[in-house]
Amino acid sequence: MTLGETMGLLTGREVRPLRHAASLRLAIAGSESNTAIGVQRLGASTAWMGRVGDDELGRLVLSTLRGEGVDVEAATVDPDAPTGLMLKARRTGDVVQVAYYRRGSAASRLRPEFLDEARIRAARVLHVTGITPALSDSARDTVFAAVEIASDAGVAVSLDPNYRSALWGPDEAASCLRDLVGRSEVVLTSEDEASMLYGAQPLKEHLRELRAAGVREAVIKRGADGASALIDDEELDVPAVPVTIVDPVGAGDAFDAGYLVARIEGRPARERLELAAQLGAVAVTVEGDWEGLPSRAELGLLGPGPDIRR
Ligand code: KDG
């Protein structure tokens, strides 16, 4: 089960500033739904809660997620606010730029009463990110309410802080995210985010700090350097899977999906991290925030990785 904002996404097809784009591709993007799609493609069932406008982008969000098999029955439609929009340009061969048009969006008007409590209580995992609480006060209340319902029902809470500087400043983000960290069993983060939360320090100290905050599974994603973790007091490091990057956006969401699927399947900590690294790698080989996420049969695409095809 996950919760968040999914937007329309317009991407320039060519490497150039967006104002010179000859054509744009229309798709959807949202960190939490990207992760849900990744989990769903690997065969676990997922549901997404969010709020879209009564407009074409909102219908695109819902039909795309439905098409991917993600349950959107708990999503709501706001008659008075638009679906958010994101623009994405490949500014150079390696640099991707994004711009948001989401202030006042339907998702920013999420409220706790829109939550489907029964669905949350029935889930194995509730996955949230630090993007949703940055959208508005009511969206922040909604995330905390969802986390409380999950905790009360014994549902594991997974958090990706996913700091977005375009949405809020580091001080406000740090105080809210520290609070969410303290309510999460699983935290999937980056070194920069951990430094924002707890100050700059060596990576292993960050992991211990997360452990001390009550996180049982603390994972730091390190991009091309792999990932490090402290999972049930076991220290682990896994390498990244080397790939040619076509579009880095969505790598973290894919990583989260791999970790969560392996966790739901009860796989050992190392396999969870290996699958996470594998998914993050596959995701960046394709243009689009989630389109490249693999099915189970495609898991061997990049070579070595845990054999979880069955
Ligand atoms: O991780 C990728 C997401 O960030 C992207 O798909 C869109 O949710 C999004 C955001 O807020 O940036």
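Position 1 is the first residue of the sequence; numbering continues from there. Read the numbers this way: they start at 1 and go in the same order the structure lists the ligands and their atoms.
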| query | What part of T6, side chain, backbone, both or neither, has a heavy atom within less than 4.0 angstrom of ligand 1? | reply | neither
| task | Taking only heavy atoms of R164 into account, list the atoms of ligand 1 that are under 4.0 Å away from them. | result | 1 (O), 2 (C), 3 (C), 4 (O), 10 (C), 12 (O)
| note | For atom 1 (O) of ligand 1, the closest protein heavy atom turns out to be D253 OD2, 2.7 Å
| task | Heavy-atom distances under 4.0 Å are what count here, so tell me which part of N34 touches ligand 1: side chain, backbone, both or neither. | result | side chain
| query | Which atoms of ligand 1 sit under 4.0 Å from any heavy atom of I131? | reply | 8 (O), 10 (C), 11 (O)
| query | Does some non-hydrogen atom of G30 fall short of 4.0 Å from ligand 1? | reply | yes
| query | So, does Y259 use its side chain to make a donor-acceptor pair with the main chain of V186 at under 3.5 Å? | reply | no
| field | Residue, atom name and distance, where the atom is the protein heavy atom closest to atom 11 (O) of ligand 1 | value | R102 NH1, 2.7 Å
| task | Give the residue, atom name and distance (to 0.1 Å) of the protein heavy atom nearest atom 7 (C) of ligand 1. | result | M86 SD, 3.5 Å
| field | Enumerated ligand 1 atoms positioned under 4.0 Å from heavy atoms of V249 | value | 2 (C)
| In terms of side-chain heavy atoms, does S295 have a donor or acceptor partner in R41 at a distance below 3.5 Å? | no
| Would one find an N or O of D289, backbone or side chain, under 3.5 Å from an N or O of ligand 1? | yes
| query | Does a donor on one side chain sit under 3.5 Å from an acceptor on the other, for S195 and Q201? | reply | no
| Among protein heavy atoms, which lies nearest atom 10 (C) of ligand 1, and at what distance? | Y100 OH, 3.2 Å
| request: Determine the sole option in T6, N162, T129 for which the side chain to side chain donor-acceptor pair (under 3.5 Å) test with S31 is passed. | output: N162
| field | Within 6.0 Å of CD in E148, more than 12 heavy atoms from elsewhere | value | no
| said: Looking only at protein heavy atoms, which one is nearest to atom 8 (O) of ligand 1, and what is the separation? | reply: S31 N, 2.8 Å
| In terms of side-chain heavy atoms, does E185 have a donor or acceptor partner in S158 at a distance below 3.5 Å? | no
| R109 and S136: side chain donor to acceptor below 3.5 Å | no
| query | Any luck finding a side-chain donor-acceptor pair between Y198 and E205 under 3.5 Å? | reply | no
| Which ligand 1 atoms are under 4.0 Å away from a heavy-atom of M7? | 7 (C), 9 (C), 10 (C), 11 (O)
| query | Taking atom types as modelled, is there a side-chain donor on T83 or D55 under 3.5 Å from an acceptor on the other? | reply | yes
| request: For ligand 1, indicate whether the residue E32 contacts it via side chain, backbone, both or neither (heavy-atom separation under 4.0 Å). | output: neither
